[in-house]
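Here the structure is laid out as structure tokens; the discussion comes afterwards.
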Amino acid sequence: MELSKTYNPKQVENRIYRFWEKSGYFNPDKLPKRHKKPYCIVIPLPNITGALHMGHALNATIQDILIRWKRLQGYKTLLVPGIDHAGIVAQYVVEKELKKQGLTRFDLGREKFIEKIWEWKEKYGNIILDQLKKMGSSCDWSRTRFTLDKEYTEAVKKAFLYYYKKHWIYRGKRVVNWCVRCRTSLSDLEIEYKEEKGHLWYIRYPLSKTYHLKTKTYIVVATTRPETMLGDTAVAVNPNDKRYKKLVGQKVVLPLSRREIPIIADRIVDPKFGTGAVKVTPSHDLTDYEISLRQGLKSIQVIDETGRLNEQAPRTYQGLKVTDAREKIIQDLENLGFMEKIEDYIHQIPKCYRCGKTLELIPSQQWFLKTDKLAKLAIKAVKTNKVRFHPKKWEKVYFKWLKNVRDWCISRQIWWGHRIPLKGEIDVLDTWFSSALWPFACLGWPKKTKDLKTFYPTNVLSTARDIINLWVGRMIFSGAEFMKKEPFQDVYIHATVLNKEGKRMSKSLGTGIDPIDLIEKYGTDATRFGIIWQATGSQDIRFVEDNIKMGKKFCNKVWNASRFVLGQTESAKRKAQSAKPQLKTQNLTNADKKILKALDKTIKSVDKDLEKFQFGRVARELYGFFWRDFCDVYIEETKKQDSKETQKILFYVLLSSLELLHPFMPFITEEIYQKLPVKNKKKCLMVEDWPVLKN
RNA sequence: GGGCGCGUAGCUCAGCUGGUUAGAGCGCACGGUUCACAUCCGUGAGGUCUGCGGUUCAAAUCCGCGCGUGCCCACCA
């Protein structure tokens with residue numbers, strides 16, 4: 001039972017992973033009987049278009065550390081894997097494929113197109129799960145769920161109809177964010193703002209009684225979007241603005257359209273911005289829409305769903321794309337003398353979070369979920385400490401959104417997703433509507449399954465900060481509403497992985513690093529250890545490969561120390577050592593006592609810090625203990641002392657170390673364990689007993 | 001505009017509720033080992049802990065302001 005001279009992760013990892021899968025221990029039902037108390041984590045649903053990036057690698061490691069640690073402690077552990085159908089995203093990817101053949105989804109028709117996405121899903125949908133396996137994740141693959149599978153679809157239907165009967169879902173024509181490329185509405189959270197250089201155009205709106213410009217009988221409005229003026233239905237000023245007091249109630253004639261519109265007063269207008277007078281376009285601006293509701297203004301839609309000007313616009317602009325219409329309108333305004341001045345202006349432009357296209361705001365018939373009561377449930381859950389954020393500061397982000405939340409636009413005009421379960425409806429639901437149900441739907445809800453009873457509520461949710469509102473908040477209120485219990489106790493928000501320059505890793509920018517490449521180069525254990533080493537506090541991680549190298553060297557150290565102990569322990573070759581030897585305290589040397597004390601201290605702090613999600617700190621503790629205390633000091637000391645006790649201690653400390661290290665570097669520790677002559681050996685290190693304090 | 005972070009050795013970062021000569025990994029210099037170590041061990045150089053001010057017997061650690069930097073939110077058109 002000797003260990004090879006060097007550790008070769010490539011030869012070991014696949015074999016060990018298959019061995020674990022065969023053991024059945026990823027499945028809580030197949031764990032030894034003593035594993036009683038449930039401990040469950042549901043993984044953040046990766047979407048079917050996804051590939052593993054460093055953020056996933058970090059999160060996969062974190063979740064697996066927690067699960068393996070609890071499994072060693074004798075918990076009945078379950079890590080639930082799943083894939084999200086990712087409505088807009090998946091549809092976008094497949095549409096892009098079609099485009100290469102010169103086709104659109106409309107050429108194929110709904111049925112055919114959905115078939116295509118399913119085909120695509122079968123082909124690529126499991127890639128990310130395979131990559132999680134490579135990371136060593138001990139998910140119970142027999143419980144893998146897909147958010148569009150039959151049972152999950154039932155859960156979504158049930159949830160929708162429940163809200164519908166409760167009158168929390170309603171239909172209405174509202175101004176929504178609209179992507180003209182994806183041809184669908186988007187929720188507030190699906191918008192990404194991008195800073196762009198633009199202009200602030202100052203346009204003269206002449207007073208109607210004197211429709212001419214010479215005597216300065218006009219009011220100047222400032223706008224970043226002159227083309228929307230065709231849909232203006234008022235000009236608004238602040239009620240306290242003395243400059244315009246006399247004009248309120250009068251009318252102006254809208255240039256180009258030559259419609260008469262009123263000058264009104266509304267408190268939302270900031271007198272300090274621009275000229276203090278703002279054009280009001282209720283159909284294409286949210287603030288303006290709200291003004292129109294307050295003031296009873298009508299709404300004229302001039303931009304249609306394809307991003308072109310419609311028949312409500314003057315004939316010369318009809319059919320033009322928004323950007324072209326803008327050019328022409330600016331030109332016309334200048335020619336006619338309506339343009340006062342133009343300033344450079346940098347502002348945030350709303351973009352579709354998937355295709356990146358600039359969004360339009362247009363009035364549209366959509367389904368909404370009332371969120372006031374649900375938001376209160378979500379707030380209460382955290383306020384009463386039923387759900388705790390780690391680090392706590394993220395509560396602020398959470399509360400802030402929930403306190404200002406608008407009703408949730410849950411309908412999407414795409415084809416890939418859950419059909420709205422009402423007669424005659426052709427829209428599908430927002431992907432996040434289904435993922436909000438994940439912690440209980442993945443366990444079988446609405447059926448009253450054994451899993452649901454055993455594992456709900458789950459214990460920890462570990463995820464990235466950018467979906468605190470998009471996902472975490474919605475899971476919390478869904479759980480509170482449907483299960484009458486919050487879906488998890490602890491929410492761990494892990495650090496964001498940046499590149500060395502401090503920029504977010506991004507495939508499109510070419511700044512991403514593929515963890516699979518690192519695994520190829522250094523092995524999974526080294527990659528896990530290296531990335532977790534940097535996961536301290538909530539500080540974002542500037543990824544450097546040096547840490548992975550360090551992880552590899554550490555693996556080498558663990559391997560060689562094990563070889564040494566195996567070689568030294570003569571008796572080990574003949575008979576199994578007791579995992580928990582009776583150590584005679586009176587015969588111990590100072591070095592013996594010291595290492596045992598250091599081990600106890602390490603066990604204690606590892607437990608304590610894992611409870612607090614201090615993963616990086618634990619990695620350092622383990623590293624320091626094993627390399628410095630055990631290898632550099634104790635092993636060197638044992639070369640000078642010779643006794644049976646020493647051998648027992650060597651063996652005992654090594655075994656305990658392997659157990660402690662196993663959650664962090666599962667493969668190498670399992671491989672070594674398999675070669676150790678341990679008395680009452682378990683089938684896997686994975687289900688060994690977690691070390692206990694000696695004193 | 002509001003909010004949240006960050007700024008500690010050449011690089012990436014630890015340093016919890018303030019208290020002995022400020023730590024790790026990588027890198028660097030010197031020496032040793034190669035009978036656990038595709039290496040490892042030992043020793044060492046290197047930091048006015050972003051700047052200024054304050055609280056304190058005592059501050060990298062708490063407070064204020066400035067500078068630099070990153071992120072999130074927002075109905076300044």
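Naming convention: chains lettered A, B, ... in sequence-line order (proteins, then strands); numbering from 1 in each chain.
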Which one, [options], comes nearest to the side chain of [X]?
| X | options | value |
| --- | --- | --- |
| Thr223(A) | rC26(B), rC75(B), rA77(B) | rA77(B) |
| Lys400(A) | rC4(B), rU12(B), rG2(B) | rG2(B) |
| Val544(A) | rU12(B), rC40(B), rA74(B) | rU12(B) |
| Lys553(A) | rU12(B), rA77(B), rC40(B) | rC40(B) |
| Trp533(A) | rC4(B), rA24(B), rA77(B) | rA24(B) |

Short side-chain N/O contact from [X] to OP1 or OP2 of [N], under 4.0 Å:
| X | N | value |
| --- | --- | --- |
| Arg620(A) | rG15(B) | no |
| Lys396(A) | rC4(B) | yes |
| Asn556(A) | rU39(B) | no |
| Arg628(A) | rC41(B) | yes |
| Trp627(A) | rC41(B) | yes |
| Asn547(A) | rA24(B) | no |

Determine the contact category for [X]: base if any of its heavy atoms lies under 4.0 Å from a base atom, sugar-phosphate if only primed atoms, P, OP1 or OP2 are that close, otherwise nothing.
| X | value |
| --- | --- |
| Glu290(A) | nothing |
| Lys612(A) | nothing |
| Tyr623(A) | sugar-phosphate |

- Task: Flag the pair Tyr205(A) / Tyr218(A) as yes when their ring centroid distance falls below 6.0 Å, and as no otherwise.
- Result: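 Not close enough - the centres of the two rings lie 6.0 Å or further apart.
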
- Item | Aromatic plane relationship, Phe273(A) with Tyr345(A) - under 30° parallel, 30 to 60° tilted, over 60° perpendicular | perpendicular

- How are the rings of Phe554(A) and Phe626(A) set relative to one another: parallel (under 30°), tilted (30 to 60°) or perpendicular (over 60°)?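 Perpendicular, since the angle between the ring planes exceeds 60°.
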
- Query: Under the 3.5 angstrom rule, does the side chain of Arg528(A) hit a backbone N or O of Phe664(A) as a donor-acceptor pair?
  - Reply: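 Present.
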
- Could you tell me whether the side chain of Gln534(A) has a donor or acceptor atom within less than 3.5 Å of a complementary atom in the base of rA14(B)?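 Side chain to base: no pair present.
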
